[in-house]
Asker: 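Below is a structure I'd like to ask you about.
Order of appearance sets the numbers: ligands from 1, and atoms from 1 within every ligand. This structure is a prediction, so every number in the text was calculated from the model and none was measured.
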Amino acid sequence: MSDRVQPPFDGVVYQIYPRSFRDTDGDGVGDLEGIRRHLDHLAWLGVDAVWLSPIYRSPMADFGYDVADHTDVDPLFGTLEDADRLIAEAHERGLQVWLDFVPNHTSDQHPWFQASRSSRDDPKRSWYVWRDPAPDGGPPNNWMAHFPPDRPAWTYDEPTGQYYLHQFLPQQPDVDWDEPELAAAMHDVLRFWLERGVDGFRADVVHLIGRDPDYPDDPEHLLPAGRAGYHDHPRTLEHLRGIRAVMEAHGGLMVGEVNLPDPSRVAAHVGPEALHLGFYFGLIGAPWDAAAWREVIGDADAAFLAQGAWPTWVLGNHDSPRPRTRFGGSEARARSAAVVLLTLRGVPFVYAGDELGLEDAEVPDDRVVDPGGRDGCRAPLPWVPDEGHGWAGEPWLPFAPDAAARAVAVQRDDPSSVLHLHRRLLAHRRDSPALVRGDQGLLDLHPEVLAFHRTFAADERLVLCNLGDDDLEVDLPDPANDPGAPWTIAVASDGAGEGATFSGRLARDHAVVLAPGSGSR
Ligand code: NOJ
């Protein structure tokens, strides 16, 4: 199958949440200069692209996912000149720069919305979704906002006597892509950044931009509080066609956050006239359990490939507890999960800080700032062990536990660190066509072991991860291209035995990448 599906991108994407990366000007919030100063580090690590969560002007009600000016940088992060410099210096190091594109909504402070709400006759009225109240005076339909909890997705605007739609905060009004002028303005935003040298975008909740113009009640939105409804309307595909045409004209790539639970519905948004890639979040929801991982990986891989789409894999992001925290604080499991992430068929996304094995920060109630309660995974990165960990000012959130021991400088000096494991995995992946673009088959070697085989022409790898409670022995199949030959440990989650012939013994919570051949030691 995969000989028909070409990966649109060969590399690994590193997600930076700019507020939390590195502060250089002393306001406690990370900035573009902080990212620029660490480009050499990212090149050393071996990632291929950095995706920056929103850097645009914003009142920060949703920390940048409420954009007030799409074509300027928020002063918290720097200036347009800083962005230009960052892009140029990243390119000098062979790193791509991807920005976040927020197509579903803007800030209520955006001039487009300010005009839209000013009067029913304003030419931009139709750029947003305004509807009359229901006969009882309530919201036009039953949709609930994703957050804050228990809030309708509509807010009444007294001066013009209508409700506006916001599937997130009231400060994030939804735009209407059925309005051609709005679509054209959004296309211009993409062009603006592509012309500045940006290589790609991550499109925020892009599955929400196509909607039934009648806005009927939606049974999905009747889920209990705290569980958001899922939109999946075919008009999204029409809007994606226009977006893709802009990307094609400039040679940019787009990965969409298609936050739907069914991987075949994610894959349906990927294609030559749609997204290049679509996020699939199944691994974020999977417990530490071999059967669960096999099911998530097998189902998603099959669903993507069946539709000619190259998969993506995500273990962490700025919206979810970090993998190490989800796996009970176990560094061994976080390491093994990274081995799987970086060897599966598909484009891997590494969330900054996961390569340090960070846990979520414990954020006291009086320091919680996110309306969605996602503060813990947004803790600042520790760069050095000393007090302040390299941050110029007191950071906007507390550091994660063990920040001194987990600091970048400490881990760079320690070849056995989680950071070095990531570096070895990234280097190994880059040199293996089987891992970058090969076929993949799940193997049933042991009930507690996730095992998959990757092949591309003569290159092959076998990946094993023990998700059980015990150390165990596995019987391995022969290498396909070299029957009878043993397997060598190319990368081990704990670094042990790399370069040696694999014995078949795999400790609990451990993972290995194996290559055919007898070990040199
Ligand atoms: C998804 C983003 O990842 C999240 O951080 C944000 O709050 C929502 N979309 C709304 O933009």
Asker: Could you find the nearest protein heavy atom to atom 7 (O) of ligand 1 and give me its residue, atom name and distance?
Answerer: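 Scanning the protein heavy atoms, the shortest distance from atom 7 (O) of ligand 1 goes to Asp62 OD2, 2.6 Å.
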Asker: Suppose I only count heavy atoms of Tyr65 and a 4.0 Å limit; which atoms of ligand 1 are within that range?
Answerer: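 In order of numbering, the contacting atoms are 5 (O), 6 (C), 11 (O).
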Asker: Mind checking whether Gln167 has a heavy atom under 4.0 Å from ligand 1?
Answerer: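 The answer is no, since Gln167 has no heavy atom less than 4.0 Å from ligand 1.
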Asker: With a cut-off of 4.0 Å, which atoms of ligand 1 are near a heavy atom of Arg374?
Answerer: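 Here the atoms of ligand 1 in question are 4 (C), 5 (O), 6 (C), 7 (O).
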Asker: So that I can tick it off, tell me whether Asp122 and Arg120 are bridged by a salt bridge, with the cut-off set at under 4.0 angstrom between side-chain N and carboxylate O.
Answerer: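 So Arg120 does not pair with Asp122 through a salt bridge.
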Asker: If we ignore angles and hydrogens, is there a donor and acceptor under 3.5 Å between the side chains of Ser330 and Trp288?
Answerer: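 Distance-only check fails for Ser330 and Trp288.
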Asker: Using a strict 4.0 Å threshold on nitrogen-to-oxygen distance, state whether Arg19 and Asp74 make a salt bridge.
Answerer: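 Salt bridge flag = no for Asp74 with Arg19.
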Asker: If you count the atoms of ligand 1 from 1 in the order shown, which ones are under 4.0 Å from a heavy atom of His105?
Answerer: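 Reading through ligand 1 atom by atom, the close ones are 10 (C), 11 (O).
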Asker: In terms of residue, atom name and distance, what is the protein heavy atom nearest to atom 3 (O) of ligand 1?
Answerer: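 I find the closest protein heavy atom is Asp319 OD2, 2.5 Å.
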Asker: Check this for me: does any side-chain nitrogen of one of Glu394 and Arg367 sit under 4.0 Å from a carboxylate oxygen of the other?
Answerer: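 Answer for the salt bridge query: yes.
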Asker: In terms of residue, atom name and distance, what is the protein heavy atom nearest to atom 9 (N) of ligand 1?
Answerer: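 Looking at atom 9 (N) of ligand 1, the protein heavy atom closest to it is Asp204 OD1, 2.8 Å.
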Asker: On the 0 to 90° scale, with breaks at 30° and 60°, tag the Trp383-His41 ring pair as parallel, tilted or perpendicular.
Answerer: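 Rings of Trp383 and His41: perpendicular, over 60°.
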Asker: Below a 4.0 angstrom heavy-atom separation, can you tell me which part of Gln15, side chain or backbone, both or neither, approaches ligand 1?
Answerer: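 Neither part.
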Asker: Do Ser320 and Asn317 have side-chain atoms, one donor and one acceptor, less than 3.5 Å apart?
Answerer: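 Ser320 vs Asn317: donor-acceptor pair found between side chains.
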Asker: Contact between His146 and ligand 1, counting heavy atoms under 4.0 Å?
Answerer: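 No, His146 has no heavy atom closer than 4.0 Å to ligand 1.
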Asker: Under a 4.0 angstrom heavy-atom cut-off, which atoms of ligand 1 come close to Arg378?
Answerer: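 Counting from 1, the qualifying ligand atoms are 5 (O).
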Asker: State, with a plain yes or no, whether a side-chain heavy atom of Leu467 is found less than 4.5 Å away from one of Leu450.
Answerer: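 Result yes, sub-4.5 Å side-chain heavy-atom pair found.
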Asker: Quick one: is the NZ or CZ of Arg22 closer than 6.0 Å to the six-membered ring centre of Trp391, and within 45° of its axis?
Answerer: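 So Arg22 doesn't make the cation-pi contact.
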Asker: Among Phe168, Phe279, Phe63, whose heavy atom sits nearest atom 8 (C) of ligand 1?
Answerer: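 Minimum heavy-atom distance to atom 8 (C) of ligand 1 goes to Phe168.
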Asker: Is Gln114 atom CD crowded by more than 12 heavy atoms from other residues, nucleotides or ligands, each under 6.0 Å away?
Answerer: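 Yes, enclosed.
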Asker: Checking contacts here: is it the side chain or the backbone of Glu257 that comes within 4.0 Å of ligand 1, counting heavy atoms only? Could be both or neither.
Answerer: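 For Glu257, only side-chain atoms sit under 4.0 Å from ligand 1.
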Asker: Give the numbers and elements of all ligand 1 atoms closer than 4.0 Å to a heavy atom of Val205.
Answerer: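 Listed by number with element: 9 (N).
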Asker: Tell me which part of Phe147 gets within contact of ligand 1: side chain, backbone, both or neither, using heavy atoms under 4.0 Å.
Answerer: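 The part of Phe147 near ligand 1 is the side chain, not the backbone.
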